[in-house]
Every structure is written in C-alpha cells, then in structure tokens.
Amino acid sequence: MVKFYDPKNEEELARVEKVLKAEGIEYFLSREPEKGLSLQVQVAEEDLPKANELIKEIRN
C-alpha cells in the first residue's frame, strides 16, 4: 500500500471513500504518525493512477 490522499475533514474522507468503493479500489486508512489524529488513505500501488484520476474528477 502507498500513501494516496490526506483528507482535510470527515466530509472529504467520505467522498473519497465513496468514489474508491464505487470503482472497486481497495483502500486502507492509517493514522499519520507526525500529526496524531490525521488519517491517510492508502491504496495498492497498481491502483494509484486510477485513484488519482478519480480524485481529479471529484475536485472539479
């Protein structure tokens, strides 16, 4: 798994999770050690290009 995204809040995290689930991309949530409470969304390295494309679409 590789670091993919750092959501700013719960709403953004929910949007990202919804898009990844809809496309069948498995992901993992982990805590950022340096920030304490912040989460990182991680995806498999082979899914990273597709996940990045999806994030570009929801940002627009």
Side-chain angles (χ1 to χ4, degrees):
M1 299 295 251
V2 295
K3 181 179 173 182
F4 162 60
Y5 198 75
D6 292 316
K8 305 285 187 264
N9 53 44
E10 291 292 324
E11 182 180 301
E12 188 175 33
L13 174 59
R15 282 194 313 263
V16 170
E17 286 184 297
K18 182 179 177 180
V19 169
L20 293 176
K21 284 179 186 176
E23 293 295 321
I25 296 176
E26 293 184 23
Y27 64 93
F28 178 76
L29 300 178
S30 68
R31 298 242 179 246
E32 289 185 31
E34 65 275 359
K35 293 186 180 177
L37 297 176
S38 296
L39 290 173
Q40 291 179 349
V41 179
Q42 298 183 353
V43 298
E45 193 168 349
E46 61 269 15
D47 290 330
L48 190 58
K50 176 68 175 175
N52 280 326
E53 286 300 315
L54 294 169
I55 289 301
K56 286 180 188 176
E57 290 175 17
I58 66 169
R59 283 185 179 168
N60 294 331

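The residues of the chain are indexed from 1 along the displayed sequence. Note that the structure is a prediction, hence the values are computed from the model and not measured.
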Peer 1: Supply the atom-to-atom distance Glu12 CD to Asp6 CG, rounded to the nearest 0.5 angstrom.
Peer 2: 9.0 Å
Peer 1: Can you list the steps and then say if Glu53 with Lys56 is a salt bridge (charged side-chain N to carboxylate O under 4.0 Å, His left out)?
Peer 2: CA-CA 5 Å; Glu53 286 300 315; Lys56 286 180 188 176; 3.6 Å; yes
Peer 1: For Glu26, enumerate each residue passing the salt bridge (Lys or Arg N to Asp or Glu O under 4.0 Å) test, keeping only those at least two apart in sequence or located in another chain.
Peer 2: none
Peer 1: To the nearest 0.5 Å, tell me how far Glu23 CD sits from Glu57 CD.
Peer 2: 8.0 Å
Peer 1: Specify the closest pair of heavy atoms between Phe28 and Ser30, including all atoms of both residues, with the distance to one decimal.
Peer 2: CE2-CB, 3.7 Å
Peer 1: Once side-chain contact (heavy atoms from CB on, under 4.5 Å) is applied, do any residues pair with Glu17, and if so which ones, sequence neighbours excluded?
Peer 2: Leu13, Tyr27, Leu29
Peer 1: List the atom of Lys3, the atom of Gln42, and the distance in Å for their closest heavy-atom pair.
Peer 2: CA-CG, 4.0 Å
Peer 1: So, taking the atom named CG in Leu48 and the one named CD1 in Ile55, what distance separates them when rounded to the nearest 0.5 Å?
Peer 2: 10.5 Å
Peer 1: Test of understanding: clusters of I, L, V, M, F, W, Y form through side-chain heavy atoms closer than 4.5 Å, transitively. Do Val2 and Ile25 belong to the same one?
Peer 2: yes
Peer 1: Residues in side-chain contact (heavy atoms from CB on, under 4.5 Å) with Ala44, at least two apart?
Peer 2: Met1, Glu46, Asp47
Peer 1: Walk me through whether Phe4 and Asn52 qualify under side-chain contact (heavy atoms from CB on, under 4.5 Å).
Peer 2: CA-CA 8 Å; Phe4 162 60; Asn52 280 326; 3.4 Å; yes
